[in-house]
J.: 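Below: one structure in structure tokens.
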2 protein chains.
Amino acid sequence: MILSTRGRYGLKMMLELALNYGKGAMPLKDIANKQSLSDTYLEQLISPLRKSGLVNSTRGAQGGYELSKQPSEIKVGDIIRILEGSLAPAECVSEGETECSKADYCATRLLYEKIAESINTVIDTITLKDMVDDYHRLNNKTK
Amino acid sequence: MILSTRGRYGLKMMLELALNYGKGAMPLKDIANKQSLSDTYLEQLISPLRKSGLVNSTRGAQGGYELSKQPSEIKVGDIIRILEGSLAPAECVSEGETECSKADYCATRLLYEKIAESINTVIDTITLKDMVDDYHRLNNKTK
DNA sequence: TTCAATTCCTACCAATCAACTAGGATATTA
DNA sequence: TAATATCCTAGTTGATTGGTAGGAATTGAA
Ligand code: FES
Ligand code: FES
């Protein structure tokens, strides 16, 4: 699996917050209940999202979390990279890493670069708004 | 990292065998030396490749491994899937798995499907022959 | 003012996985 | 028969995953 629970749960959380966007703060417990996930675990995942500025938090009673900007401005790539780290196929293609010494003559690196590029294109093209739209399309069909 | 050493070393091995294609069997120790990898570890990785029919083996002295078909007929996706398992982003998109019960109304699944599709397109388009060509282009430049 | 709701933070834990290593049986050829 | 290889099974070690536990700090409402 390319995505661990960190990325997958994180995406679900952020989708839930996107669905709630404009309706005020949403407590983590509500998110956890809606998605049937452990709230103490989600707590750990939302912390880096807050520190990266994707969500704002309000402490105390009636507090909770909300997106810091419009769903259309948050790419799923932002979320995934915060929670999973880079999705590079191998170290020598990942951004922060020191470049591999064999980079000049390594044929596998070209492959990794192509894989990385195609993944990045997908996750940086799709925003939370797209997922909200998908959600409504999927769930309002029967109504 | 999307690819573990299994996939990455496996690709290097197969590239080495592709470079040696048509020249008879190549012992694993030679591959390991050329790529500076542990031969006892590579032994474990080539076993599933042989069982899947991608490489043929010859036992005993002067034995070794060779590709079972032309480099142009072996997709890197074949190699990666054998050594890494599916590259699906999440369980509910992976082929063998029982389909997730929420599949009908799950918006994250659509995202996973798009990621999976783009990865599969890349790794099933590129063959060992392409990597061999890249290798020669990269390494004969200075000669 | 006090209490309940809530975020925030650190530490711990068990199970699994990743990346090897070790040791030996079996087959082939010079 | 010795040297060279593949083949097979079983460890081992460290990191990662997917959590739990416990409590401090903050805030709104009764
Ligand atoms: S392994 Fe890093 S460039 Fe090839
Ligand atoms: S989690 Fe499986 S379909 Fe959404």
J.: May I ask you to list the residues of residues 56-71 of chain A, by number, that have any heavy atom positioned under 4.0 Å from an atom of DNA chain C?
T.: A:Ser57, A:Thr58, A:Arg59, A:Gly60, A:Ala61, A:Gly63, A:Gly64, A:Tyr65
J.: CG of A:Asp39 versus P of C:dA5: gap in Å, rounded?
T.: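 Whole-Å distance recorded here is 14 Å.
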J.: Within the structure provided, determine whether B:Leu42 and B:Leu37 are in side-chain contact (heavy-atom separation under 4.5 Å).
T.: yes
J.: Reckon B:Thr40 has a side-chain N or O less than 4.0 Å from the OP1 or OP2 of C:dT21?
T.: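 So the side-chain polar atoms of B:Thr40 do come within 4.0 Å of the phosphate oxygens OP1 or OP2 of C:dT21, strictly under.
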J.: Give the rounded distance in Å between these two atoms: CG of B:Asn33 and C1' of D:dA5.
T.: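 B:Asn33 atom CG is separated from D:dA5 atom C1' by 14 Å.
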J.: Could you pull out the closest heavy-atom pair between A:Pro48 and A:Arg6, with the gap in Å?
T.: CG-NH2, 4.3 Å
J.: Choosing from D:dC7, C:dC8, C:dC20, which nucleotide comes nearest the side chain of B:Tyr9?
T.: C:dC20
J.: What integer distance in Å separates A:Gln35:CD from D:dG19:P?
T.: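 One finds 14 Å between P of D:dG19 and CD of A:Gln35, rounded.
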J.: For the pair made of CZ in B:Arg6 and P in C:dC20, what is the distance, rounded to whole Å?
T.: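 After rounding, the gap between these two atoms is 12 Å.
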J.: Could you walk me through whether B:Leu17 and B:Ile31 satisfy the side chain to side chain contact (heavy atoms under 4.5 Å, CB included) test, starting with their C-alpha distance in whole Å, then the side-chain angles of each, then the deciding distance to 0.1 Å, before giving a yes or no?
T.: CA-CA 8 Å; B:Leu17 287 177; B:Ile31 303 177; 3.7 Å; yes
J.: Base, sugar-phosphate, or nothing: which does A:Ile46 touch, judged by heavy atoms less than 4.0 Å apart?
T.: nothing
J.: Which nucleotide in the set C:dT7, C:dC9, D:dG19 lies at the smallest distance from any side-chain heavy atom of A:Pro27?
T.: C:dT7
J.: Figure out the CG/P separation between A:Leu45 and D:dT20, and round it to whole Å.
T.: 12 Å
J.: Please say whether more than 12 non-hydrogen atoms of neighbouring residues, nucleotides or ligands are located less than 6.0 Å from OH in A:Tyr135.
T.: no
J.: To the nearest Å, how far apart are A:Glu43 CD and C:dT10 P?
T.: 12 Å
J.: State which of C:dT7, D:dA5, D:dC8 makes the closest approach to the side chain of B:Arg50.
T.: D:dC8
J.: In whole Å, what is the span from the CG atom of A:Leu83 to the P atom of D:dT16?
T.: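 Result: 17 Å.
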J.: Given that B:Gln44 and B:Met26 both sit by DNA chain D, which one's nearest nucleotide is further toward the 5' end?
T.: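 Checking each residue's closest nucleotide, the 5'-ward one belongs to B:Met26.
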J.: Would you please confirm or rule out a distance under 4.0 Å between OP1 or OP2 of D:dG18 and any side-chain N or O of A:Ser4?
T.: yes
J.: Would you please confirm or rule out a distance under 4.0 Å between OP1 or OP2 of C:dA19 and any side-chain N or O of B:Thr5?
T.: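 So the side-chain polar atoms of B:Thr5 do come within 4.0 Å of the phosphate oxygens OP1 or OP2 of C:dA19, strictly under.
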J.: My understanding is that only residues two or more places apart in sequence, or in another chain, count here; which of them pass salt bridge (Lys or Arg N to Asp or Glu O under 4.0 Å) with B:Asp39?
T.: none
J.: Would you mind reading off the distance between B:Lys51 atom NZ and D:dC7 atom P, rounded to a whole angstrom?
T.: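 So the two atoms are 9 Å apart, to the nearest Å.
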J.: Would you check if there is a donor-acceptor pair between the side chains of B:Glu73 and B:Thr127 at a distance under 3.5 Å?
T.: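 On atom types as modelled, these side chains do not qualify, holding no pair under 3.5 Å.
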J.: Does a side chain donor of either A:Thr5 or A:Tyr41 reach within less than 3.5 Å of an acceptor in the other side chain?
T.: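 Judged by distance alone, the side chains do pair up.
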